[in-house]
Visitor: 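Provided herewith is a single structure, encoded as structure tokens, for subsequent inquiry.
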Amino acid sequence: FLPASSSSVQVFSPMVSFAAAQEQELRISCRTRSPWPLFFQAALHLRRNRPAEAGALAPRLARFSVRRYGWMRYVTGRARLLDCRYEDSAREFAAALESRPADWKARCHLAEALLCLGRREEAFAQFGRAEADAARAGTAPEVQAWRGEARLWLGEAAAALKDLDRAVE
């Protein structure tokens, strides 16, 4: 670490410089035929609260086999959702689910994107499927709470209360 009193020296955070170095290395690695560097670059952008940069990698990740690597698009789906690009987000989550159909978190995020698009019935159908998948994993209360929160967003307080009560039973 450098002394803060030195006027000619730029003080930096070790985490920011580490992340910047990793980002540069990933940028170089992205020239390979593997989706892994793209996935990690998107995850790093998302972690650094840069959803537009993470989402911009979606078309490049989409070039790889959905059956094998579609799950990686969960990260770009979250980025697109945070960036209010709901159609793109729904497409990314759908690709993630093609690869891992039982991924209840991807399914709940897909439901959120669908709600943002005004597609309420489809969204709650996705929450229902997510709850069934989560029940097999022993995490159904998380989906019930998520669905309850979504109902609160929609102003459906009575229905939200039912979901939220089920989540804490």
Side-chain angles (χ1 to χ4, degrees), residues 19 23 26-27 30 35-169:
E23 200 172 335
L26 282 169
R27 222 177 274 117
C30 285
W36 285 96
L38 292 168
F39 168 72
F40 286 120
Q41 189 175 11
L44 182 60
H45 283 309
L46 196 57
R47 181 77 173 133
R48 294 181 72 195
N49 199 26
R50 295 181 351 204
E53 288 90 338
L57 296 169
R60 292 174 64 194
L61 269 175
R63 293 184 211 150
F64 295 92
S65 166
V66 173
R67 289 191 80 212
R68 184 168 182 181
Y69 298 110
W71 64 270
M72 292 180 173
R73 292 173 64 187
Y74 172 79
V75 174
T76 50
R78 283 196 52 221
R80 296 294 197 182
L81 186 61
L82 290 170
D83 210 22
C84 301
R85 296 187 56 176
Y86 306 122
E87 285 287 347
D88 294 337
S89 177
R91 187 178 320 106
E92 293 303 296
F93 290 128
L97 289 164
E98 271 189 62
S99 177
R100 292 192 178 160
D103 184 344
W104 63 267
K105 287 182 182 178
R107 200 165 293 285
C108 285
H109 276 110
L110 172 59
E112 279 189 26
L114 292 170
L115 281 174
C116 292
L117 291 166
R119 294 159 54 184
R120 186 188 182 288
E121 294 304 316
E122 288 176 74
F124 282 100
Q126 292 299 328
F127 276 127
R129 289 185 64 188
E131 185 176 8
D133 292 334
R136 286 189 286 281
T139 55
E142 290 185 50
V143 176
Q144 293 159 351
W146 201 327
R147 183 176 48 221
E149 182 180 3
R151 290 188 193 279
L152 283 174
W153 295 341
L154 297 171
E156 301 173 4
L161 185 58
K162 287 179 186 176
D163 281 326
L164 295 170
D165 280 345
R166 284 183 58 213
V168 295
E169 288 178 344

Visitor: May I have all residue pairs that pass ring-ring contact (aromatic ring centres under 6.0 Å, His included) and include part of residues 98-120, sequence neighbours excluded?
Guide: Y74-H109, F93-H109, H109-W146
Visitor: Just by modelled atom types, is the A96 backbone N or O under 3.5 Å from a matching donor or acceptor in the S99 side chain?
Guide: no
Visitor: Please assess L164 against L152 for the test side chain to side chain contact (heavy atoms under 4.5 Å, CB included), listing each intermediate value before the final yes or no.
Guide: CA-CA 10 Å; L164 295 170; L152 283 174; 4.1 Å; yes
Visitor: Rounded to the nearest 0.5 Å, what separates atom CD in E92 from atom CZ in R73?
Guide: 4.0 Å
Visitor: With sequence neighbours left out, what residues match A125 under side-chain contact (heavy atoms from CB on, under 4.5 Å)?
Guide: none
Visitor: Looking only at heavy atoms, what is the nearest atom pair of P51 and L82, with distance?
Guide: CB-CB, 4.0 Å
Visitor: Kindly say whether R68 contributes a backbone atom to a donor-acceptor pair with the side chain of S65 at under 3.5 angstrom?
Guide: yes
Visitor: Measuring from atom CG of L110 to atom CD of Q126, what distance do you get when rounded to the nearest 0.5 angstrom?
Guide: 4.5 Å
Visitor: Do you know the tightest heavy-atom contact between L117 and A90?
Guide: CD1-CB, 4.5 Å
Visitor: Nearest heavy-atom pair of A54 and T76: which atoms, and what distance?
Guide: O-CG2, 3.5 Å
Visitor: Report the distance from atom CZ of F39 to atom CG of L44, rounding to the nearest 0.5 Å.
Guide: 11.5 Å
Visitor: List the residues meeting side-chain contact (heavy atoms from CB on, under 4.5 Å) with R166, not counting sequence neighbours, and say none if there are none.
Guide: E131, Q144, R147, D163, E169
Visitor: Using a 3.5 Å distance criterion without hydrogens, assess whether the side chain of R80 forms a donor-acceptor pair with backbone atoms of G55.
Guide: yes
Visitor: Which atoms form the tightest heavy-atom contact between L81 and S89, and what is the distance?
Guide: CB-OG, 3.4 Å
Visitor: For E98, which residues count as a side-chain contact (heavy atoms from CB on, under 4.5 Å) partner, sequence neighbours excluded?
Guide: V66
Visitor: Salt bridge (Lys or Arg N to Asp or Glu O under 4.0 Å) between K162 and D165: does it pass, once the steps are laid out?
Guide: CA-CA 5 Å; K162 287 179 186 176; D165 280 345; over 6 Å; no
Visitor: Holding to ring-ring contact (aromatic ring centres under 6.0 Å, His included), I want the full list of residues that pass it with F124, two or more places apart in sequence or in another chain.
Guide: F127
Visitor: So that I can tick it off, tell me whether D88 and R91 are bridged by a salt bridge, with the cut-off set at under 4.0 angstrom between side-chain N and carboxylate O.
Guide: yes
Visitor: Give me the one residue out of K105, R100, R107 that meets salt bridge (charged side-chain N to carboxylate O under 4.0 Å, His left out) with D133.
Guide: R107
Visitor: Residues in side-chain contact (heavy atoms from CB on, under 4.5 Å) with R63, at least two apart?
Guide: R60
Visitor: Which pair of heavy atoms, one from A134 and one from V143, lies closest together, and at what distance?
Guide: CB-CG2, 3.5 Å
Visitor: As an exercise, state the distance from CZ of R78 to CG of D83, rounded to the nearest 0.5 Å.
Guide: 13.0 Å
Visitor: I'd like to know whether CZ of R120 has more than 12 heavy-atom contacts from other residues, nucleotides or ligands below 6.0 angstrom.
Guide: yes
Visitor: Taking all non-hydrogen atoms of both residues into account, name the closest pair between L38 and L57 and its distance.
Guide: O-CD1, 3.8 Å
